[in-house]
Structures are given as structure tokens and as C-alpha cells.
There are 2 protein chains.
Amino acid sequence: MATLREVAALAGVSTSMVSRVLNDAPDTRATDETRQRIRDAAVQLGYRANFAARALKNSRTHVIGVVLPDLANPIYIDLLDAVEEEAARQGYLTLLARAEGLLTNPDAIPRLVHEGRVDGVIVQASDGLSPDALTSLTGGSTPAVFVNSSHPRESGSVLLDDAAGGRVAAEHLWGLGHRDIAFAGGLPGSENSARRLEGFSAALQGLGGSLPEHRISRRGFAVEQGAAAVADLLAAGIPPTAIAVANVNAAFGVLTELRSRGVAVPDDMSVIAIHEAPGAQHTWPPLTTIEMPLGALGAAAVTALRGLIEAGTVSDTVVSSPAPRLHERESTRPPNPHAPARANV
Amino acid sequence: MATLREVAALAGVSTSMVSRVLNDAPDTRATDETRQRIRDAAVQLGYRANFAARALKNSRTHVIGVVLPDLANPIYIDLLDAVEEEAARQGYLTLLARAEGLLTNPDAIPRLVHEGRVDGVIVQASDGLSPDALTSLTGGSTPAVFVNSSHPRESGSVLLDDAAGGRVAAEHLWGLGHRDIAFAGGLPGSENSARRLEGFSAALQGLGGSLPEHRISRRGFAVEQGAAAVADLLAAGIPPTAIAVANVNAAFGVLTELRSRGVAVPDDMSVIAIHEAPGAQHTWPPLTTIEMPLGALGAAAVTALRGLIEAGTVSDTVVSSPAPRLHERESTRPPNPHAPARANV
DNA sequence: CTGAAAGCGCTTACAG
DNA sequence: CTGAAAGCGCTTACAG
């Protein structure tokens, strides 16, 4: 691990010169010959600027922290992947921060910044967190961008176009001929879910249909919560012919619960989910999904965070491009008028 | 962001004292009263030791890098999760490094260390990499622990007890009554797969069975490669009554391909896979898997890396506890003598 | 029991 | 065109 000093010695110049030349500092007027000598010396010694020294001097690490509730959720992984990739493109490294400690210890996120470990953080908050909890997460002064969740005023925010996702789901089901459709949403407090529901319901109305309250369940985005939603939705009366699930993980639970109740998908009931996940192709039947632009979301988050870090600019972005994309698989089909559940009505 | 100096000023002592007290330095004999004054001042100012300054002084960052081929593979995510958790427990933070850049740019991993960004790296290499490629990955002098893959001499290694995984698969299938079993393995160069196959084959022999060469396919661990394995294995003659797949991702492909060929699982054929994955419960039929101790693997990797960093101790570990654990689901069942494929023999 | 001083490896006004 | 010097915020011998 050669130092600047050693490079300078080898090149026969001052450390100042080496620093300037190697960093392409503006208005550095060094002879081409000098530049070359410096470059050669650096290469010869395998010189790498020490990160800590640089960070100390510049008060900037070029590292961003990514705070995720957990790694089990494929949605978060896609986000993490996109963030890491875009960060790398923009010259930043990615530090992984688990939310577990962060939720029990409200000081954890600010500390990352106060210790100078990261220049800022991108946080995907858990769905249930209150606005107050979110505010206390970053302690106000931390450069933070909240992704896909509600957020404090001082922080940036990057959101999916959830309503558009809901709309695509409604249009697909309607186009297939479904007229009695249910919606399995996130928890009552979830703004993501509320927006998806809104887009879904509005689209249905625009098409001449409607989404009555008893066709709505708000159990949450997790697998077991999807199962609970099925219980709600099939509780009494005529079952719907299709269920739109606000999250692909919940949809896994929906599929399993439906099967265990003897409801055949898609013969008796169609199922569509918002968000794509690797597992969706391997369920039985393979799940029709609406892929949301998580890659673009992650990239937008990185860009927003840089704006906050470098210019103090807080921005709120809705990522609407690329548009939500339908993956039509085998869990959706035109409604079957002879489906057992409806046949005996 | 208060500095040591400010804390010292507020407490009315020297910065030396503050540093010593706050770090609980050995043989620091400060009055209890002084200690308290210092602590109070630190709290009052919200003091956090600057990470860069500390790293510069100590030549140690307490950050480890995790190098993963990609984030799409749930196995790697489990590993990442475990590493992050154990690292946190041991006082280390986790920097995520993508292998994409690392494979095209052989200098990338050593650079992380040479720049002083991380103290060492844990790398999960791609399955196909040659030993030479692995060696050049770390350039020899980088503290590195290779996980679940072959590795250069100077680096530590932490391996799963792959043979045990193969054995559990063989025993389960044999116990169910299967006598004609196939094995869908990783690529020919994969040491992981070779060990699983070895354990599998040896167990079968111990039980009085055998695994003839034509019942072995070596197409790889990926989904599509599992599909290719099915093609191999069903190519001609009597099909086996069960397939053990060396990797759960490939097993997804096996399931899909079997279905598309009209082979019913588990009626016509049983399928079992090594490694557990969230998706395995949601396939149809739900996939019987053998969960390998990835959590313990990740933790062992962190511990091995610390040994390398702090004591220069290179260690090779095989993680055999907890033992591979069978998740019996619906893709395995006793062989059906009337299965169509065999009935017409 | 406590402090002054050097130094980790950089960057950047300032001076020439 | 180039260098000497200060300083980023710590830690740790060394001295008293």
C-alpha cells in the first residue's frame, strides 16, 4: 500500500503535485513530462489513494447506506440490486444496513452519517411505520431518501406509480370479462396499498364497474396475510370471480389458501398480483403479475440522494417510467360461469 | 458532528483523556469524577468518533466486503443476510460488492482492500470459475475467505457439508421405496456439485442401490439448466422414479419441464432438491427440499475472515452443524408402479 | 492521574 | 510551473 509520499519520492516531485495530477485537479499546470513521471511512478508502486485519509480530508465517503426491513423479501432485493448498480455507476459504494437494529435503536441511522461512514441513506421503511417513527429514524439532519414509503418532510422521497399498477390490474381482469372482482390490499395504514387500491377502483369505475367495500380486504403484504385475505373475501355469499392482490408475496398466500379450500385457479377464480418476483413463474398455476419498475425506482433514489448530499436539494419523485408491465401467465383467465362456487347459487 | 476537541473543551480535559476514557483504553487511571465529566460532555454534544479519522489512525475500518455473483439467487441472499448479521454482532459493517465489475476487472477486489475501504472480503465465487481465476480475484495479498466454492491457498475457505446433503436426499428417496433414482447436478467443474453427488451416490451404495452414469446429468444449478437436465434424464429408455436435484433453483426448472412434458409430480416422479428457498413452498407441488445451514456458513465465514484479518490465520472450515434438514413437502412420495411412463414397459 | 506532541495519508489554500 | 505547510479528527507512545 504505497502512499502519496512514496509516489512523490519516486517521481521526484512534491506530494502536492502528485495529488493534483492524479486527481486531475482543475488549473493544474504541470508539464506533460511531469504528469507522465507521476503517473508512471503511481502505476509502478500500485498506488491507491487511501480512502480514510481522503474521507477525513473531504468529509465525504462516497458510500451510501441502504436500509432495508429485511432481505427475505424479493422486492427489497430488486431494489437493493438496482441501488447498488446505479450507485456504482455514479461512483458510490453501497453499505448494507439492516433495519432490525435500526428500528429498535432509533439512533442507528443518524449514527451512520454522524460517524461519517456514509454520506447519506436510502431507506425502504416497513409498511406499518408511522410518520413519526419515520421522522425519528433519520433524526432530521440525515441526508435520506425514503423509497416506496411515506416519509418525513426533510427527506426526499421516491415512489412508484402505484395507481398505475392498480389500473393495469383492473384493466386486465375487466378485459378478460370479470365483473365481480375483489382486492386484497396491504395494511390499513399502508399508503402504497391505498394508492394501488385507488387506481384499481377508479379504473374499474371508469370501465363501468365498481369495487364495493365488502370486496376489499386489508390484511397486509405478507404471505400469511394473503391467506387471511382469502378468508375475508370468501367469508359469505357469492365469491368474486377474481382477486387482485396488492403484493406478490401476499398472492403466494392467496394461491395456497385457495388451493387448500378447493378453489381452483384459474378455473374457479383468477388471481393477479402487483409486483413481479422470481417465484411467480414457479407457482402453480404460474402467477400473472404486474411488474413495477423497481430498477428505475432504485436508480431514481440514488439520484435523489446525491442531489440531497451534494446540493441539499430535497426532491419528491414518482417513477412512472417504464410503465407497470403485465406478465400474463396462467392464474388469470375469463370467468367460468359454471364454476362450482357460483353454479349452486 | 462534535469532535473530540470540543468534548475535551467542555469537560475541561485534554483530548487524550477523552479518547482514552471513551474507548475504555487499558490502564487508563482517571478519576471516576473525570470519567463522568467526559461522558456527560460526550452525551451532551452527541459526540460520535469520526470513522475516517479512526480508520486512518488504526489502519482498520471494521468493514468487510461481501462479493456475490448476483443478487437474484436466493441462496446468495441467505448467505448475505447471515454474513451481515454475524458481522454486525462482531462489530463489523458490511459493504456490498457486486461481482459483475469484479469479474471483468480483476483489480476490483484488491482495490477495496488497498484503498482501505474494507479490512477483508468474503467471496462467493461463481460456480464455473477456475482456480486461477479465483487466485487472481484477490491478488494474493487480500484477506479473503471463499465461501461455498473452491479457493486459492492463501485464502480461507468455508464449505458446506455437501456430501451430507447428498446423503440425506438419498436416504429420503430410498426410504420412500425408490430404487431407480437420477441425479441432476451442477456443471462438471463444480466442486460443490461433485461433493453432493459423491455423498448421494455413496449413500445409495451403502443402502444396496447404485447410481449408474446414465442417471447422472451435469447441466448446472440454474433454472433453465434444470430443464435441460430433465431432457437428458428422460432421453431414452425407462425413466427413473425420482430425481434428486443438486440445487433448488435447478429444481424449479425440473418441475416446470416435467409438467410441460406431462410427467406428474409426485405421481409419476418424485423430485427433491438440495437447498431451501422461499419459493419452494409455493411451487406446485410444493417442493421437498434439504435445507443446508447457510446461516452457520455465513457466520463461520465472518469468523474465519476475522481470524485472517486480526491474526493472519488461514482456516479451512466445513460447516456440518446444524445438519442438513429435510423439509418434506409434496414433491416426493413412494414410487407408483402404475405410473404411465413405467406401465407400458 | 493527566497532557503535549507526533503522525496516520491525504488535499488545498498560499506563496513563490 | 511547483512546493512547504496546515489541517481533517483521531490514537498513542512519551513525559511528567
Side-chain angles (χ1 to χ4, degrees), chain A residues 1-39 41-42 45-63 91 111-119, chain B residues 1-39 41-42 45-63 91 111-119:
Chain A
M1 306 215 225
T3 65
L4 247 203
R5 212 198 186 81
E6 302 177 74
V7 176
L10 182 58
V13 296
S14 70
T15 56
S16 327
M17 230 31 215
V18 177
S19 173
R20 286 191 277 243
V21 167
L22 258 26
N23 290 316
D24 281 319
D27 50 62
T28 301
R29 285 154 313 180
T31 330
D32 280 355
E33 197 268 324
T34 307
R35 286 178 191 278
Q36 202 49 54
R37 261 210 333 277
I38 291 174
R39 296 230 148 82
L45 296 174
Y47 172 75
R48 300 279 166 214
N50 179 276
F51 161 71
R54 210 172 223 178
L56 178 57
K57 189 67 193 167
N58 298 337
S59 312
R60 191 127 301 176
T61 61
H62 276 233
V63 175
R111 187 160 71 198
L112 283 177
V113 175
H114 287 156
E115 287 180 353
R117 288 184 172 274
V118 302
D119 294 338
Chain B
M1 306 216 226
T3 66
L4 247 204
R5 211 198 187 81
E6 303 178 72
V7 176
L10 182 58
V13 297
S14 69
T15 57
S16 327
M17 228 33 213
V18 177
S19 174
R20 286 192 277 244
V21 167
L22 258 25
N23 291 316
D24 280 319
D27 50 64
T28 301
R29 285 155 312 179
T31 330
D32 280 354
E33 196 269 325
T34 307
R35 286 178 190 279
Q36 202 48 55
R37 258 207 339 273
I38 291 175
R39 296 231 150 83
L45 296 174
Y47 172 75
R48 299 282 166 211
N50 179 276
F51 161 71
R54 209 172 222 177
L56 178 57
K57 188 68 193 166
N58 297 338
S59 312
R60 192 128 297 177
T61 62
H62 276 234
V63 175
R111 187 161 70 198
L112 282 177
V113 175
H114 287 156
E115 288 181 351
R117 288 185 172 273
V118 301
D119 295 338

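When reading the values below, keep in mind they use all heavy atoms of this one structure, side chains included, and skip hydrogens, waters and symmetry mates.
- Counting only heavy atoms from C-beta on, Thr3(A) has its side chain closest to dC10(C) among dC1(D), dC10(C), dT12(D).
- Which of dC10(D), dG3(D), dT11(C) sits closest to the side chain of Ser14(A) comes down to dG3(D).
- Residues that satisfy the salt bridge (charged side-chain N to carboxylate O under 4.0 Å, His left out) test with Glu6(B), not counting sequence neighbours, are absent from this structure.
- Remark: P of dC1(C) and CZ of Arg35(B) are 10 Å apart, rounded to the nearest angstrom.
- Atom-to-atom, CZ of Arg117(B) to P of dC10(C) comes out at 13 Å; the value is rounded to the nearest Å.
- Between the P atom of dG9(D) and the CD atom of Glu6(B) lies a distance of 8 Å, rounded to the nearest Å.
- Partners of Arg54(A) by salt bridge (charged side-chain N to carboxylate O under 4.0 Å, His left out), not counting sequence neighbours: none found.
- For the pair Leu45(B)/Leu10(B), a side-chain contact is recorded, criterion being any heavy-atom separation below 4.5 Å from C-beta on.
- For DNA chain D, the neighbouring residues in residues 48-58 of chain A, judged by any heavy atom under 4.0 Å, are Leu56(A), Lys57(A).
- Toward the 5′ end of DNA chain C lies the nearest nucleotide of Val13(B), the other residue of the pair Val13(B) and Leu4(A) mapping further downstream.
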Expected rows: protein N/O vs nucleotides 13-16 of chain D N/O, under 3.5 Å:
from: dA13(D); atom 1: N6; to: Arg20(B); atom 2: NH1; distance (Å): 3.0

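- Taking Glu115(B) as the reference, Arg48(A), Phe51(A), Arg111(B), Arg117(B) meet the side chain to side chain contact (heavy atoms under 4.5 Å, CB included) condition, with sequence neighbours excluded.
- Annotation: salt bridge (charged side-chain N to carboxylate O under 4.0 Å, His left out) contacts of Asp32(A) (sequence neighbours excluded): none.
- Separating the CZ atom of Arg60(B) from the P atom of dG9(D) is a distance of 24 Å, rounded to the nearest angstrom.
- Contacts of Ala25(B) classified as side chain to side chain contact (heavy atoms under 4.5 Å, CB included), with partners at least two apart in sequence or in another chain: Arg20(B), Thr28(B).
- Residues passing the side chain to side chain contact (heavy atoms under 4.5 Å, CB included) test with Leu4(B) are Thr15(B), Val18(B), Ser19(B), Tyr47(B), sequence neighbours excluded.
- Protein atom CZ of Arg5(B) is 15 Å distant from nucleotide atom P of dT11(D), rounded to whole Å.
- Residues satisfying the side chain to side chain contact (heavy atoms under 4.5 Å, CB included) criterion with His62(A), sequence neighbours excluded, are Arg60(A), Tyr92(A), Asp119(A).
- Contacts of Ser16(B) classified as side chain to side chain donor-acceptor pair (under 3.5 Å), with partners at least two apart in sequence or in another chain: none.
- Evaluation of the salt bridge (charged side-chain N to carboxylate O under 4.0 Å, His left out) rule for Arg5(B) yields no partner, not counting sequence neighbours.
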5'-to-3' dot-bracket of DNA chain C (Watson-Crick, G-U; under 3.5 angstrom; crossing pairs as [ ]; | other strand): |||.||||||||.|||
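- Side-chain contact between Thr34(A) and Val21(A): absent, with no pair of heavy atoms (C-beta onward) separated by less than 4.5 Å.
- Following rounding to the nearest Å, Met17(A) (CE) and dA4(D) (C1') show an atom-to-atom distance of 14 Å.
- Between Ser19(B) and Thr15(A), it is Thr15(A) whose nearest contact on DNA chain D lies nearer the 5' terminus.
- Within the nucleic acid shown, Ser59(B) has no heavy atom closer than 4.0 Å to any nucleic acid atom.
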